2 protein chains.
Amino acid sequence: MKQSYNNGVEATLGVIGGKWKPQLLCHLGNRPQRTCDLRRELPAISQKVLTQQLRELESDGIISRHIGGERAPFKVTYDLTDLGRSLGQILVQMSVWGEQRASQVPDMEITHDHGGFSNIGLKMDSGI
Amino acid sequence: MKQSYNNGVEATLGVIGGKWKPQLLCHLGNRPQRTCDLRRELPAISQKVLTQQLRELESDGIISRHIGGERAPFKVTYDLTDLGRSLGQILVQMSVWGEQRASQVPDMEITHDHGGFSNIGLKMDSGI
DNA sequence: GGGAGTAGGTACTTTTTGGTAACCATCGAT
DNA sequence: ATCGATGGTTACCAAAAAGTACCTACTCCC
């Protein structure tokens, strides 16, 4: 179905706005990862939602899915595409802004449970 | 209540992620506006949701609310705060990325009904 | 007195999103 | 033969977000 946005910001939000997508992009920004790796790093996400968010990112062209092995316990690997990497600069800036904001607001905390975007800049096209 | 995020990106999304917030920020980025102005520019938003999103932006320190007149038909004006203006660069980049994306995907359209972020850079602290 | 304009609140419903739990299929190891 | 790891799917539920409808209260204007 044809999706419609009022401006570019909304279009971008449509891509990165899922509940787990920032974290998924973060982890995939470091290196390609298998499904089970992502599940281990994000224990709180359910299989269903993980698959769902990965499918959305894939259909948006942000990540790519590779099936390793022929008919074994498949090794499915997800990786950022060039388009996905082109989000790096935005993600890093959002990360910085959010971190700074959280450091100034007492009632806001950021649990860096499973890595963050502070290092993503090295791998993604952050422009830094 | 204490809100918790897993990384800075989510914290930022918590601020700009509302359905109408990008558009509100866009219009307020041009100049301070009254409630009725915003309603005229965004005819599709309901009074309830408009008030709600403005309150959220206000409590996040992104916009400020000024009541003009003493006990008349109040002239309530909303304006970006410095913190709000500091989002400019991020919003402009998200806008550019989204616009570019939309121009490459046939099934995605952006209806520039009520202005856009292309010019917000002039007023907000876009860093451009 | 009866609108219209201004700013907003409240109750209720709908839509969207995310979460739970159970299931399938395959392989290798025990 | 059963278990665990792998990578899913499906049906069903719950919570969050947004939308609808209707209400208040004040003032100015006719």
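Chain letters run A, B, ... following the sequence lines, proteins first and then strands; every chain starts at 1. Because the structure is predicted, anything quoted here is derived from the model rather than measured. Hydrogens, waters and symmetry mates play no part in the numbers below; they use all other heavy atoms, side chains included.
Across the protein-nucleic acid pair, B:Lys19 atom NZ and C:dT14 atom P stand 16 Å apart, rounded to whole Å. Atoms CH2 (B:Trp20) and P (D:dA18) sit 10 Å apart, rounded to a whole Å. Taking atom CG of A:Leu24 as the reference point, atom P of C:dG18 lies 11 Å away to the nearest angstrom. Atoms CD (A:Gln52) and P (C:dA21) sit 17 Å apart, rounded to a whole Å. Spacing between atom CD of A:Glu56 and atom C1' of C:dG18 amounts to 11 Å, rounded to whole angstrom units. Across the protein-nucleic acid pair, B:Asn6 atom CG and C:dG18 atom P stand 14 Å apart, rounded to whole Å. Between the CG atom of A:Leu50 and the P atom of C:dT17 there is a distance of 18 Å, rounded to whole Å. Counting to the nearest Å, the P atom of D:dC26 and the CD1 atom of B:Ile67 are 15 Å from each other.
Two residues are said to be in side-chain contact when any heavy atoms from C-beta on lie closer than 4.5 Å; B:Lys19 and A:Asn6 fail this criterion. Inter-residue side-chain proximity for B:Leu38 and B:His27 is flagged as met; some heavy-atom pair is nearer than 4.5 Å.
A:Gln53 comes within contact range of the sugar-phosphate backbone alone, with a heavy-atom separation under 4.0 Å but no base atom that close.
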Identify each atom pair where a protein N or O and an N or O of nucleotides 10-16 of chain D are less than 3.5 Å apart, giving names and distance.
none

Name the pairs: protein N/O against N/O of nucleotides 6-8 of chain D, kept only if under 3.5 Å.
{"from": "D:dT6", "atom 1": "O3'", "to": "A:Arg34", "atom 2": "NH2", "distance (Å)": "3.0"}
{"from": "D:dT6", "atom 1": "O3'", "to": "A:Phe74", "atom 2": "O", "distance (Å)": "2.9"}
{"from": "D:dG7", "atom 1": "OP1", "to": "A:Arg34", "atom 2": "NE", "distance (Å)": "3.4"}
{"from": "D:dG7", "atom 1": "OP1", "to": "A:Arg34", "atom 2": "NH2", "distance (Å)": "3.2"}
{"from": "D:dG7", "atom 1": "OP1", "to": "A:Phe74", "atom 2": "O", "distance (Å)": "3.0"}
{"from": "D:dG7", "atom 1": "OP1", "to": "A:Val76", "atom 2": "N", "distance (Å)": "2.9"}
{"from": "D:dG7", "atom 1": "OP2", "to": "A:Cys36", "atom 2": "N", "distance (Å)": "3.0"}
{"from": "D:dG8", "atom 1": "OP1", "to": "A:Arg55", "atom 2": "NH2", "distance (Å)": "3.0"}
{"from": "D:dG8", "atom 1": "OP1", "to": "A:Arg65", "atom 2": "NE", "distance (Å)": "3.3"}
{"from": "D:dG8", "atom 1": "OP1", "to": "A:Arg65", "atom 2": "NH2", "distance (Å)": "2.1"}
{"from": "D:dG8", "atom 1": "OP2", "to": "A:Thr35", "atom 2": "OG1", "distance (Å)": "3.2"}
{"from": "D:dG8", "atom 1": "OP2", "to": "A:Tyr78", "atom 2": "OH", "distance (Å)": "2.8"}

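Judged as a side chain to side chain donor-acceptor pair (under 3.5 Å), and not counting sequence neighbours, the contacts of A:Gln33 are A:Glu41. In this view, B:Lys48 and B:Ser46, B:Gln52 satisfy the side-chain contact (heavy atoms from CB on, under 4.5 Å) rule, not counting sequence neighbours. In this structure A:Asp37 satisfies the salt bridge (Lys or Arg N to Asp or Glu O under 4.0 Å) test together with A:Arg40, sequence neighbours excluded.
Separating the CG atom in B:Leu87 from the CG atom in B:Leu80 is a distance of 8.5 Å, to the nearest 0.5 Å.
In terms of heavy-atom proximity, A:Ser86 sits nearest to B:Trp97 at OG-NE1, 2.9 Å.
Side-chain atoms of B:Thr81 never come within 3.5 Å of backbone atoms of B:Ser64 as a donor-acceptor pair (strictly under, hydrogens ignored).
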Show every donor-acceptor pair shorter than 3.5 Å between a side-chain atom in residues 54-62 of chain B and any protein atom, with sequence neighbours excluded, or say none if there are none.
{"from": "B:Arg55", "atom 1": "NH1", "to": "B:Tyr78", "atom 2": "OH", "distance (Å)": "3.3"}
{"from": "B:Glu56", "atom 1": "OE1", "to": "B:Lys21", "atom 2": "NZ", "distance (Å)": "2.7"}
{"from": "B:Ser59", "atom 1": "OG", "to": "B:Glu56", "atom 2": "O", "distance (Å)": "3.2"}

